[in-house]
Amino acid sequence: MVPSIVFASGKGGVGKTSIALNLGILLAKLGKRVVVVDADLDMAAISIMLGVELNPITLQNVLAGENSVTDAVYDGPNGLFYIPSSLHEEGKSVDLTRLREAVSKLELSYEYVLVDSPPGLSAEARAAITSAQELVIVSTPDPAALIDSLKIRKFAEKNGVNVIGIALNRATGDKTEMKPQDLTNVLGLPVVAILPEDVEVRRSASMQVPVEVRNPGCGFCKGLRVLAGALTHDQIPESKAGAFSSGGGDSFFSRIGAFFKKLFGGK
Ligand SMILES: Nc1ncnc2c1ncn2[C@@H]1O[C@H](COP(=O)(O)OP(=O)(O)O)[C@@H](O)[C@H]1O
Ligand SMILES: [Mg+2]
C-alpha cells in the first residue's frame, strides 16, 4: 500500500511544514521515494524553506486544471521530490476537489506522499485533510492547541481519513506543559512522537536550509526519527552528529532578507 499522510493542525505555527518537509528529507535519505505537497495554498512555505524563488508550475496550476500533477514535481534535497504552492498567485481560481485526484495520482508513483495542510478547517484545509489516506495531527503542548486538535480529529474521522496520532512539537519539558498522557486521554489518540523546541529549526528556516540537511543530529531531528519509525514501521538509524554546517557565512537574516527582496521587491 502507498500511504499518503497529511499533517494538519488547528493553529498555525505549530510546525506542520517543518515536520512534513524534514520528514520527507529523512525518508528520502533512507532511500524512500517521497514527495511533499505544499497544500497551504495561501501561505506557501515549502519553497521558502528551500530558498527557491521561482517554481514555474505550482499546485495552483494543477488545481486550476492547467497542468498535470507530474508537471509540478521538483527535485528537493537528498532525493526528495516536492510540489510547491505558488508564492505569487493568490486569488487564482482553483478547484479544490482536484487535490484528492492529484494525491491519488502521486500515490501510484511514490512510496510516501506527505501533504502539508494549512491550519484550521478552512475549505483549503478540508481539501488537504481529505486528500490523504492518513492524518498526523501536529500540536504544541498547550490546552488551546489540544481543543483545536479535537476538531481536526472529528472532521477527519467523519470523512474517512485514518488518524494515526499526534506529533507533539515544540515541547520544552516544562511542568506547565500538557503531558503526552494528557493529550492521549483527551483526544483518544497516541502521541507518536515528541519533537523538542529546538533553536536549530528556526535557524534553519532563517538560512533556508532544512534542519535535516543542516544539522540532522539536532534534538528535533531525533524526534523526527521516532516519527519516521512510527509511520513506516521501519527501524530508523540514528542520525550522524557532526553534519552541522554553518551554511556559508551569511548571517541568517541578511540571507532571508535578500530572498524576500528578490521575490517581492524591496524598499
Ligand atoms: N521544534 C521547533 N523548535 C523551534 N522552532 C520551531 C519548531 N518547529 C517549528 N518551529 C518554528 O516555528 C515556526 C512555524 O513553523 P512551521 O513549520 O512553519 O509551522 P506551521 O506549518 O504549522 O505553520 C517556524 O519559524 C519554525 O522554524
Ligand atoms: Mg505551514
Side-chain angles (χ1 to χ4, degrees), residues 5-26 36-52 58-59 76 82-87 90 99 114-122 124-125 127-129 131-132 135-142 144-146 148-149 151-152 166-174 177-178 180 191-228 239 247 252-253 255-257 259-260:
I5 306 167
V6 57
F7 295 83
S9 70
K11 294 214 183 319
V14 297
K16 295 177 294 299
T17 306
S18 305
I19 290 175
L21 176 60
N22 287 292
L23 177 70
I25 294 170
L26 170 59
V36 176
V37 181
D38 186 350
D40 195 345
L41 297 170
D42 292 327
M43 297 291 161
I46 299 259
S47 41
I48 296 176
M49 283 196 187
L50 294 174
V52 177
T58 62
L59 186 60
Y82 72 99
I83 297 185
S85 255
S86 172
L87 295 169
E90 308 89 3
L99 187 55
L114 307 182
V115 180
D116 181 23
S117 172
L121 284 172
S122 63
E124 288 79 6
I129 293 169
S131 73
L135 164 69
V136 170
I137 298 177
V138 179
S139 181
T140 48
D142 58 278
L146 183 76
D148 292 337
S149 299
K151 293 185 196 153
I152 303 285
I166 305 160
L168 186 58
N169 188 31
R170 310 199 73 159
T172 65
D174 187 82
E177 280 180 357
M178 307 217 44
V191 173
V192 289
I194 301 172
L195 301 106
E197 174 73 26
D198 186 341
V199 69
E200 286 304 319
V201 181
R202 263 175 292 130
R203 284 192 182 139
S204 296
S206 299
M207 296 176 83
Q208 297 180 292
V209 181
V211 68
E212 180 55 40
V213 174
R214 248 186 92 240
N215 189 1
C218 75
F220 175 86
C221 294
K222 291 197 174 111
L224 270 185
R225 279 155 176 76
V226 175
L227 181 59
S239 54
F252 303 150
F253 296 105
R255 190 187 146 93
I256 200 157
F259 177 85
F260 282 110

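Just so you know, residue 1 is the first one in the sequence shown, and it goes up from there. When a ligand or atom number is given, it counts from 1 through the structure's own listing order.
- Panel note: side chain E177, backbone T172; a donor-acceptor pair is recorded below 3.5 Å.
- When non-hydrogen atoms are compared, ligand 1 lies under 4.0 Å from the side chain of M49 (C-beta onward) but not from its backbone.
- Looking at S9 next to ligand 1, no N or O pair under 3.5 Å apart turns up.
- Here the heavy atom of the protein found nearest to atom 8 (N) of ligand 1 is N169 ND2, 3.0 Å.
- Of the heavy atoms in V138, none comes closer than 4.0 Å to ligand 1.
- Between V14 and S139 the shortest side-chain heavy-atom distance does not fall below 4.5 Å.
- Residue contacts with ligand 1 include P196, since one or more of its heavy atoms lies under 4.0 Å from the ligand.
- Side chains of E124 and D40 form no contact here, defined as non-hydrogen atoms less than 4.5 Å apart.
- At a threshold of 2.8 Å, the Mg ion (ligand 2) has a backbone or side-chain N, O or S atom of T17 nearer than that distance.
- Between M49 and S18, some side-chain heavy-atom pair lies under the 4.5 Å cut-off.
- Between I137 and L135 there is a side-chain heavy-atom pair separated by less than 4.5 Å.
- Inter-residue side-chain proximity for V211 and C218 is flagged as met; some heavy-atom pair is nearer than 4.5 Å.
- Both the backbone and the side chain of S18 come within contact range of ligand 1, each with a heavy atom under 4.0 Å.
- Of all atoms in ligand 1, listed by their number and element, those nearer than 4.0 Å to a heavy atom of R202 are 4 (C), 5 (N), 11 (C), 25 (O), 27 (O).
- Protein heavy atoms are found inside the 4.0 Å sphere centred on atom 2 (C) of ligand 1.
- Protein heavy atom in closest approach to atom 12 (O) of ligand 1: R170 NH1, 2.8 Å.
- The side-chain heavy atoms of P119 and M43, taken from C-beta on, include no pair separated by under 4.5 Å.
- Close contacts of ligand 1 with A205, meaning ligand atoms under 4.0 Å from a residue heavy atom, involve 27 (O).
- Considering backbone and side-chain atoms alike, K11 places every N or O at 3.5 Å or more from each N or O of ligand 1.
- The shortest contact between atom 4 (C) of ligand 1 and any protein heavy atom is with D198 O, 3.1 Å.
- At least one side-chain heavy atom of L99 sits less than 4.5 Å from a side-chain heavy atom of L59.
- Of the protein's non-hydrogen atoms, G15 N, 3.0 Å is the one closest to atom 19 (O) of ligand 1.
- Looking at D116, its side chain never comes within 3.5 Å of a backbone N or O of A20 through a donor-acceptor pair.
- Residues C221 and N22 fail the side-chain proximity criterion, which asks for heavy atoms closer than 4.5 Å.
- Counting heavy atoms closer than 4.0 Å to ligand 1, residue P119 contributes nothing at all.
- For ligand 1 and F220, the ligand atoms under 4.0 Å from any heavy atom of the residue are 1 (N).
- Looking at D38, its side chain never comes within 3.5 Å of a backbone N or O of A44 through a donor-acceptor pair.
- Considering backbone and side-chain N/O atoms, D116 never comes within less than 3.5 Å of an N/O atom of ligand 1.
- Geometrically, ligand 1 and L195 share no nitrogen or oxygen pair separated by less than 3.5 Å.
- For M178, the CE atom is densely surrounded, since the number of other residues' heavy atoms within 6.0 Å is greater than 12.
- Among the atoms of V14, some N or O lies under 3.5 angstrom from an N or O of ligand 1.
- Residue G13 places a heavy atom less than 4.0 Å from ligand 1.
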